[in-house]
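Labels below follow one simple rule: chain letters A, B, ... track the order of the sequence lines, proteins then strands, and each chain is numbered from 1.
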Amino acid sequence: MVTILIIIGIVVVLAGAGVVVTKRRSSPALGAGTPAPQRIEPAAVAPVVLDTTTDAVPADVAVVEGAPVAPVVTPADELSESTPPSVGAASAKSRGIFAGLRAARRLKAIEPSTWDELESSLLRGDVGVTTTTRLLETLRAEVAAGTVTDGSGLLERLRSLLIATLSQVERPEHGELSLEVAAGRVPVWLLVGVNGVGKTTTIGKLAYRAGGEGKKVLLAAGDTFRAAAGEQLATWGARSEVDVVLGAAGADPSAVIFDAVQRAGARGFDVVIADTAGRLHNKVNLVEELKKIRRVADREPGQVTEVLLVIDATTGQNALQQARQFTEAVSVTGIVLSKFDGSARGGVVVAIEAELKIPVRFLGVGEHASDLIAFEPIAFVDALLADDPVA
Amino acid sequence: MFDALSDRLERIGGRLRSRGRITPADLAEALSEIRTALLEADVELSVARAFCDNVAARCSVEALSKSLTPGQQVVKAVHEELIAVLGGETLKISYASRPPTVILLAGLQGAGKTTTAAKLAQWFKAQGRNPLLVAADLQRPAAIEQLRILAEQAGVAFSSSGTDPVDVARHGVEEGFRLGRDVVILDTAGRLSIDQALMAEVAAISAATSPHYTFLVIDAMTGQDAVHTAKAFDETLALDGVVLTKLDGDARGGAALSVKYVLGKPIAFASTGEKLGDLDLFHPDRMADRILGMGDVLSLIEQAERTIDTEQAAQSAARMLEGTFTFDDFLDQMNQVKKMGSIGGLMKLMPGMSKQMRDAASQIDDGEIARIEGMVHSMTKAERQNPDLIDRSRQARIARGSGRSVADVAQLIKQFKQMSKMMKSLGAGKMPSIPGLGGGLSGARQMAQLAKSDPAQLQQLLGQSGGGGLPSAPWAPKAPGVGGGAGSKNKKKKGGRVTPPKGR
């Protein structure tokens, strides 16, 4: 509160004359006792309720059954049971981070330039300074000890070191997501992440996947902040023939998700997949809101069994910070690395797994409902190490 | 934001600054640390290397040994290089002689194109223009609806008709012409730079609409790939500049540096928040100041000028400096400040902010303003005019009326009085020496710039003696934000509240 007073004072003076007074102050007193987080939208928001089915749901929540929403893109081709994409396929059209290493691989002796190349390639793949340094130190020690003697041996060691790093964390096989709940509870998968990483799209894919396994899925449109986010999810619901619970724009996201959970409990759904608004991890109030969402979703009959953090593969070292903050707030159980079909390599997940022990569970590799593949360390590392087919 | 990078550079600079002499080894160590800092900030590898080489060239060991303050020389070289890399000039939009001026936005998925389109529309509207938003993203579900809602919020026209992105865009421009709109903003679908079909599509949109400005929208959190993506889009579309989004996160924004360095295209706009008003022209020199933790007073003043009724503000400011500021003025000003954008965003522009302060700023809830307002609204007219009237029983009534605790009310009143006192002492030409008030007034350079633009007003308010209290040049050891740990040591006193100026 002090800060606000000071700022207002400052701005008052500023606007009149341009005199600036600054004031230093520590943060602790600030956050104390700030309840009900809220974001203020500049103007009145048109409600995004698509269907006002007068069901046993509160007035500001609408349920979109199966497929009444006309999808913006015809889903026909996307829903076709085409062969699921593989990591190799995704990386085939993109640059491998180790593009520059072909030379190193052929090299017999290990020269200073070999180390530079290794370092450059790891750094360019967003693996990060700390992890790169750690990996290279291990390799240097092995070269010094004489266990590695040539360029191709060095690359082979790097590959196995990376795979080992990605094998430290226990990872359910085939990307299986937990449905283990106490009797009478409904499992809830919560999707979180910063703005624009692809949470809603990932939910569409997860719904398609779970639906394909014969599960009865209910989607909860917990992003009531971004304009038309609910409709975006509803379109995905229609594509995958899955029900969606929508809240009015600006509605309390916790309430929307809780409504979905109750509905799922009453109607025998197997799982609720809940969307949340994108939020930057350094916005304390929005993170508090997310904590509340998780608490409420965990309330009977719901039980949160997975909290999936979606990370954009193009993100650099900030992804580590995202993973740190989100897991501290809502105990992330897994990571979905989205947009892996681009030219970015997403090497930062190596650092995330090494430091935070959060397993990467899925890779998002396209815009189709089936473009979600289970993460697999060996395939991922090979994609990282792949030579560039284009260049 | 660039905070973490600036913290790193501050630390390196601080360590060097404390040394009287710098050996070649010291310099090499500092440069290697700068390189690591840049890499951790996601600056592209080759750019980080070039940056360090240039800094080294700017501060040779010989030059350093002649300097009395070698540490500052290094910091200065970093600063100069930052400005050089970020590019000197702020983009000036020149409008087409035959309207509409067409602006095309392109970028990867999730970079923030749709939100940016709406923010740009609002920005142009604030410039007195009459924009039309065109939703040519037919790919992402509900993207059109999103832009339609945002257009409504921004109060600008919206168009999206057709089933092919190229047609939609072409039609949008025609519509803009027909409706007499002078700016048309085209939002396109997110696409990967390696997706040839979609890149061809955006090229076709560009060919069909011949945009006057083509901007690549880039997420500030982007890593090493930023350069690759930017190059690919530039080859396809011949970019005019870049819009940097999500700068309000804690990403170090190295992508901005890299893209500018590699493409040589300016960063035209930067977006720093979730409100539609949180977008502004990008000022490279100011950003360099921000990276080095020196605040950005000019942007703050501009923002204030744009949104605040200046005459009224000047009156309030004058009253404030006289010490006759009332809660009514305060309420008034608070409403004005709210219009300027989020408090957290404003705080970032202040010079002399320590890391803790910036962290605190990012946590300020705009709802807190509403709570303060609630308390002030619960006061009677007389109380608002004269806060001294408010005794315990009145405090209790105000607390009941606003749903806050008595302690909250008491604190508000106490701090209001302290603020008044502080401002009054400032008005009297004294530099209030307040523990914790590290930076004091802003850097002399910025003051000088202000004095140039509006000397009369500055003098009027500062009075004759006012200038005397200004600190030395920004590069001086105790310059705001760069020097400072002293202030932060004793700030915890009494729960971090403001202590009244000494001698009062």
Worksheet item: Between B/G112, B/S46, B/G223, B/G190, which shows the greatest number of heavy-atom pairs under 4.5 Å with chain A?
Response: B/G223

Worksheet item: B/R49 and A/S120: side-chain donor and acceptor closer than 3.5 Å?
Response: yes

Discussion item. Please tell me whether B/Q146 and A/Q232 have a donor and an acceptor in their side chains that are separated by less than 3.5 angstrom.
Written reply: no

Practice prompt. Look at atom CD of B/Q196 and say whether more than 12 heavy atoms of other residues, nucleotides or ligands are closer to it than 6.0 Å.
Written response: no

Discussion item. With a 4.5 angstrom heavy-atom cut-off, is it the side chain or the backbone of A/V348 that approaches chain B, or both, or neither?
Written reply: neither

Worksheet entry | Donor-acceptor side-chain pairing of B/D225 and A/S343 below 3.5 angstrom | yes

Worksheet item: Any side-chain heavy atom of B/L192 within less than 4.5 Å of one from A/E367?
Response: no

Fill in: Heavy-atom contact with chain A under 4.5 Å, split by part of B/L147
neither

Worksheet entry | Atom pair CG (A/L122) and CD (B/Q224), whose distance is rounded to the nearest 0.5 Å | 11.0 Å

Worksheet item: Just wondering, do B/L39 and A/L123 contact through their side chains at under 4.5 Å, heavy atoms?
Response: yes

Worksheet item: Where do B/D248 and A/K283 land on the side chain to side chain contact (heavy atoms under 4.5 Å, CB included) test, with the steps shown first?
Response: CA-CA 9 Å; B/D248 49 334; A/K283 306 260 163 144; 2.7 Å; yes

Worksheet item: Would a 4.5 Å heavy-atom cut-off, applied to side chains only, mark B/Q109 and A/S338 as touching?
Response: no

Fill in: Heavy-atom side-chain proximity of B/D42 to A/D126 below 4.5 angstrom
yes

Worksheet item: Please walk me through it: do B/I194 and A/D341 pass side chain to side chain contact (heavy atoms under 4.5 Å, CB included)?
Response: CA-CA 9 Å; B/I194 50 170; A/D341 48 335; 6.0 Å; no

Response to the item:
Tightest non-hydrogen contact, residues B/E274 and A/N195, listed as OE2-ND2, 3.2 Å

Discussion item. As a quick check of understanding, evaluate side chain to side chain contact (heavy atoms under 4.5 Å, CB included) for A/V194 and B/M221, giving each step before the final call.
Written reply: CA-CA 10 Å; A/V194 300; B/M221 292 178 276; 3.8 Å; yes

Worksheet item: Quick one: what part of B/R191 sits under 4.5 Å from any heavy atom of chain A, side chain, backbone, both or neither?
Response: neither

Worksheet, complete the sentence: Honestly, the part of B/T222 sitting under 4.5 Å from a heavy atom of chain A is both

